Amino acid sequence: MNDSATRPVVLDVWCDLECPDCYRALDDLRALRARYGDRLEARLRHFPLEKHKHAYAAAQAAEEAAEQGRGWPYIEAVLTRAAELSAKGEPVLLEVARELGLDAEEFDTALIDGRHLLAVDADQAEGKAIGVTGTPTYVIGDERLDGGKSQEGLRGRVEEIADRLLASA
């Protein structure tokens, strides 16, 4: 049996959880995940921007949520509250954790002890190395699509590439 037939197409989404454009990209991501299911693996990659002072903490919190088994629900919940995160900071991250039934004390500890710093820094370094400059940026196959400038037509472009990759698998 051919392994590649069962291997999903990977869509890396370089994201800043305090970014309004990343919030707007959520609908496209949900639609892509609904259309492709297991055939598309959407991976959130951290790219906190300096202009968003709580994005770095949010990225670490997202790593803690993933460790507690609720990565995507947490990411989506934080993105829907990006404006509140900008205004109120880290308490919003703990509030979202509590609302999702996660161990908020463990989140607090993780933000203090920095256990997820390396994962966030590694993502950011890799993003910079491949030319990511803003968020959201999508990488699928060998193509980088910059959604920070405009989301217009991006979902269609991702679908085109995914369909091509799936057909050739």
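Both backbone and side-chain heavy atoms feed into the values below; hydrogens, waters and symmetry mates do not. Quick caveat: nothing in here was measured; it's all calculated off a predicted structure. Along the sequence shown, residues carry numbers from 1.
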(message) Between R81 and E95, does any NZ, NE, NH1 or NH2 come within less than 4.0 Å of an OD or OE carboxylate oxygen?
(response) yes
(request) Compare all side-chain heavy atoms of R43 with those of V10 and state whether any distance is below 4.5 angstrom. (result) yes
(request) In plain terms, say whether D163 and R35 are close enough for a salt bridge, that is, a side-chain N and a carboxylate O under 4.0 Å apart. (result) yes
(message) Are F47 and Y56, when compared by the centres of their aromatic rings, separated by less than 6.0 Å?
(response) no
(request) To the nearest 0.5 Å, tell me how far L111 CG sits from E63 CD. (result) 11.5 Å
(request) Indicate yes or no: at least one non-hydrogen side-chain atom of H46 is less than 4.5 angstrom from one of P48. (result) yes
(request) State whether E143 and R157 are salt-bridged, where the test is any N-O pair (Lys NZ or Arg NE/NH1/NH2 against Asp/Glu carboxylate O) under 4.0 Å. (result) yes
(request) Flag the pair L29 / L11 as yes when at least one side-chain heavy-atom distance between them is below 4.5 Å, and no otherwise. (result) yes
(message) Which heavy atom of V92 sits nearest to which heavy atom of K88, and what is that distance?
(response) CG2-CB, 3.7 Å
(request) Check whether any side-chain heavy atom of I161 sits under 4.5 Å from a side-chain heavy atom of L145, and report yes or no. (result) yes
(request) Report the distance from atom CG of L100 to atom OH of Y74, rounding to the nearest 0.5 Å. (result) 8.0 Å
(request) Compare all side-chain heavy atoms of C22 with those of P136 and state whether any distance is below 4.5 angstrom. (result) yes
(message) Under 4.0 Å between a side-chain nitrogen and a carboxylate oxygen: does that hold for R115 and E64?
(response) yes
(message) I want to check a possible cation-pi pair here: R33 against W72, using under 6.0 Å from ring centre and within 45° of the ring axis as the test.
(response) yes
(request) Mind checking the CD-CG spacing from E159 to L166? Nearest 0.5 Å is all I need. (result) 11.5 Å
(message) Grouping I, L, V, M, F, W and Y whenever their side-chain heavy atoms are under 4.5 Å apart, do L49 and I75 come out in a common cluster?
(response) no
(request) Indicate yes or no: does E76 engage R30 in a salt bridge with an N to O separation below 4.0 Å. (result) yes
(message) Could you measure the distance from the CG atom of L93 to the CG atom of L102? Nearest 0.5 Å is fine.
(response) 12.0 Å
(request) Give a yes or no on this: more than 12 heavy atoms of other residues, nucleotides or ligands lie within 6.0 Å of atom CD of E99. (result) yes
(message) Is it the case that atom OH in Y23 sees more than 12 heavy atoms from other parts of the structure closer than 6.0 Å?
(response) no
